[in-house]
2 protein chains.
Amino acid sequence: MSHHHLDLPQLIRAQGYRLTPQRQLVLDTLCAMSSHATASEIYEQVSAQMPALNQATVYRTLEFFVELRLIAKSDIGGQTVYELVGEQPHYHLVCRQCSHVAELAATQLADLADWLLVEHGFQADLDHVVIQGVCADCRASSL
Amino acid sequence: MSHHHLDLPQLIRAQGYRLTPQRQLVLDTLCAMSSHATASEIYEQVSAQMPALNQATVYRTLEFFVELRLIAKSDIGGQTVYELVGEQPHYHLVCRQCSHVAELAATQLADLADWLLVEHGFQADLDHVVIQGVCADCRASSL
DNA sequence: GTTCATGCAAAGCGTTTGCACGCAT
DNA sequence: ATGCGTGCAAACGCTTTGCATGAAC
């Protein structure tokens, strides 16, 4: 559970919110899942451990953590996916043809981010960037 | 109607498809609208000129043009928006706080695109890139 | 004890689909 | 004449919401 390096109870309570088993479980589950997941995938995993937990709670909990900026919500190929905001910002390459998703460290975006901040005062969330296109395999097979 | 530089009838018929008044109207409307628009915004505009035209037709028509790669479909701040693919590729900066959307020419992305192609064989659609973050105004007002 | 979070069920919204008719080819 | 595209209405999936109960503080 890599998110345990942060003091979750304090982080939540400091703002007047409450730490519930449901919130802990959702965060743990998202951490255990390799990478991005849809709300229903998360719900499936979570309800295996806590069957009473409701889908509405999953949505509310995810939204809650998104607002705390502990998890990121993005649209990947028409699907809304959630992901733990980790130490290593990364972005996604989504293939328009096969829907394959690759993850890349955001180091290549650093210059762009700097430029956006200096020239436009825009502070980019590098964790949210999704780039569509055609992946190497699909390009090869369409030759 | 800046898209009239392309031979729409031929482009469509060459692939065995048909050019209908509805398809023309949707494309003209999207061209007339300053920039990106949601399906319902497009439907409103379009049905003003052709009241019988159905929402389902708008969706089917938009999807049709997306597949022809005449228009781009992206998710901006949770909304699905459509946009004519013009001569000048550009990307969007979306403010997480005020939802303001700025457009920038994709020239700053060119290097990144080159790098993606060379290093990962990934051919990026620069028209689809959406970057979330906090805009200059919101950063200023939160100081 | 107070208030926030949850469970439940229903509603909401954007989008898609099946079918019969009509129009572009 | 053929068959693709449209209009209509219903269905669909994802997400949100109102309310009463229950749990965290």
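Chain identifiers are assigned alphabetically (A, B, ...) following the order of the sequence lines, protein sequences preceding nucleic acid strands; residue numbering begins at 1 within each chain.
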Which nucleotide in [options] has an atom nearest any side-chain atom of [X]:
X      : options                 : answer
T20(B) : dT6(C), dT6(D), dG7(D)  : dT6(D)
Q22(A) : dT16(C), dG7(C), dT6(D) : dG7(C)
R18(A) : dG7(D), dG7(C), dC25(D) : dC25(D)

What does R60(B) touch in the nucleic acid at a heavy-atom separation under 4.0 angstrom: a base, only the sugar-phosphate, or nothing? base

Indicate whether OP1 or OP2 belonging to [N] is found under 4.0 Å from a side-chain N or O atom of [X].
X      : N       : result
N54(A) : dT6(C)  : no
Y59(A) : dT15(D) : yes
T57(B) : dG5(D)  : no
R23(B) : dG5(D)  : yes

Starting from the 5' end of DNA chain D, give me the residue, Y17(A) or Q79(A), whose nearest nucleotide shows up first. Q79(A)

E83(A) side chain to H90(A) side chain, donor-acceptor N/O pair below 3.5 angstrom: yes

salt_bridge(E63(B), K73(B)) N-O dist < 4.0 Å: yes

How do L53(A) and K73(B) order along DNA chain C: which one's closest nucleotide is nearer the 5' end? L53(A)

